[in-house]
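Below, chains carry the letters A, B, ... as their sequence lines are ordered, and counting in each starts from 1.
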Number of protein chains: 2
Amino acid sequence: MSRGMRFAAREVLASQGSPGDGVFTITEGMVRIYRLLADGRRQVLGFALPGDFLGLSLFDVYSFSADAVTDTVVCSFPRKSFVAYADQRPHLMGRLYEFASHELSLAQDQMVLLGRRTAEERVGTFLIMMRDRLRRLGHTSPTLPLSMTRQDIADYLGLTIETVSRTFTKLANAKTIVVVPDGVRMLRERDLERLAAG
Amino acid sequence: MSRGMRFAAREVLASQGSPGDGVFTITEGMVRIYRLLADGRRQVLGFALPGDFLGLSLFDVYSFSADAVTDTVVCSFPRKSFVAYADQRPHLMGRLYEFASHELSLAQDQMVLLGRRTAEERVGTFLIMMRDRLRRLGHTSPTLPLSMTRQDIADYLGLTIETVSRTFTKLANAKTIVVVPDGVRMLRERDLERLAAG
DNA sequence: CGACGGCTTGATAAGCGTCAACTGAGGTGG
DNA sequence: CCACCTCAGTTGACGCTTATCAAGCCGTCG
């Protein structure tokens, strides 16, 4: 019942408030998930990497928008069949519930970050988080490919593009990282971990 | 399998990282849910009112702390029996999943608030949100009883106690609200709704 | 080559945080 | 019964962090 779909960078996968007729798994690429305020302010809720799910909700409208950061391949299910299928498998429903609880816990981490952490801590936490996620996908080098823009990072961390840039520069001056084209090389992961620590 | 429990104001219901052996529904009172950073910074994740759930997760440690704002009565289930019970009822599991998805959506609203809104918008949104929740509990007057402290509100909104206080004063000067002992009376809900609007 | 978009850097300013003093309500005890 | 303490809240003065505005750099692409 699934089918593959490709999205070019910047193409929209889902739009806040529009009928949520698809459920996705990312196969390749990266998707940014966000909400917009009426005046254009944007909060990026997360970046979805291969293996991540999107639109996994029984509700019938998307509560967020999503578009492709890079060219992206997804595996898509019509929502109706997904719901019908899940309803027949108690075990699957349990997994979904666990998954949603875990997402909720991550959202709460992000609430702490947005409500109580400094710019430097936010950036450090972001880098460590990306490192851990990429690691789980088999990427072990200390050079993180950050394919999203500074604006995306800023909107994810509740900062401005300039503050993100200056914070990268500050970390680079401290020899904690090196800023490279399309990414960051971590020199002292310990220092970043200290920034990210609870 | 449930049993009633009472907690006096400030008593702890759950502690982050400790074995999550209970699942609760609030019957009376109010509970604050929060996370702490190592240096004591606190982010309040939410306030639980009668009818709300707590600790509804299949995971075996609490990912948050919770204590009573006012004297509180809860209905508590041992988590093991709760999990076992839910596993036997596919329909219940579906409801739980819907519930978790909804919570996630609310957490995302809060991420937008914390990442992108001004102090005045945060306070306005907070008041409108409390109004709506109290309304659903049958409280229809425009006077909101706010039993939590300014510090709780500040930690919920990612502000300081002083900023919350000044913002209340500013709204009071604009004749939008009146600050009363243990609460706020709303004079122009429209103005607050405008602040809260997406 | 020139235009454009993403990024960095600098100068300045605003918003919110920090520190400190003050008020008022409630509780305690002499 | 009232002096005193404590604690929550408010207000003021000040300053820091981060935002805003503006200019310039660099790589890419038509």
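Using cut-offs of 30° and 60° on the angle between ring planes, the pair F53(B) and F99(B) is perpendicular.
Contact check, T163(A) against dT18(D): no side-chain N or O comes under 4.0 Å of OP1 or OP2. OP1 or OP2 of dT11(D) sits under 4.0 Å from a side-chain N or O of T169(B). For dC16(C), neither phosphate oxygen OP1 nor OP2 lies less than 4.0 angstrom from any side-chain nitrogen or oxygen of T160(B). OP1 or OP2 of dT10(D) lies within a sub-4.0 Å distance of a side-chain N or O belonging to R150(B).
Counting to the nearest Å, the P atom of dC7(C) and the CD atom of Q151(A) are 9 Å from each other. Rounded to a whole Å, the CG atom of L146(A) is 16 Å from the P atom of dG6(C). Atom pair L159(B):CG and dT18(D):P shows a separation of 15 Å (rounding to whole Å applied). In this structure, R117(B) places its CZ atom 18 Å from C1' of dA19(D), rounding to the nearest Å. Remark: C1' of dT8(C) and CZ of F168(A) are 12 Å apart, rounded to the nearest angstrom. Between the CG atom of L113(A) and the P atom of dT18(D) there is a distance of 12 Å, rounded to whole Å. Taking atom CD1 on I161(B) and atom C1' on dC7(D), their separation rounds to 10 Å, with Å as the unit. Rounded to whole Å, the distance from CG on D155(A) to P on dG6(C) is 13 Å.
Annotation for R35(A) and Q16(A): closest pair CA-OE1, 3.7 Å, computed over non-hydrogen atoms. Shortest non-hydrogen contact noted between S15(A) and Y62(A) is O-CB, 3.8 Å.
In this structure, E189(B) pairs ionically with R135(B), as a charged nitrogen and a carboxylate oxygen lie closer than 4.0 Å. One finds no salt bridge joining R117(A) and D109(A) here, because no Lys/Arg side-chain nitrogen approaches an Asp/Glu carboxylate oxygen to under 4.0 Å.
Residue-level contact check: V164(B) touches neither bases nor backbone, having no heavy atom under 4.0 Å from any strand. Looking at heavy-atom distances under 4.0 Å, R10(A) makes contact with sugar-phosphate atoms alone, never a base.
Between the side chain of E162(A) and the base of dC21(D), at least one donor-acceptor pair of N or O atoms lies under 3.5 Å. Between the side chain of R166(B) and the base of dG12(D), at least one donor-acceptor pair of N or O atoms lies under 3.5 Å.
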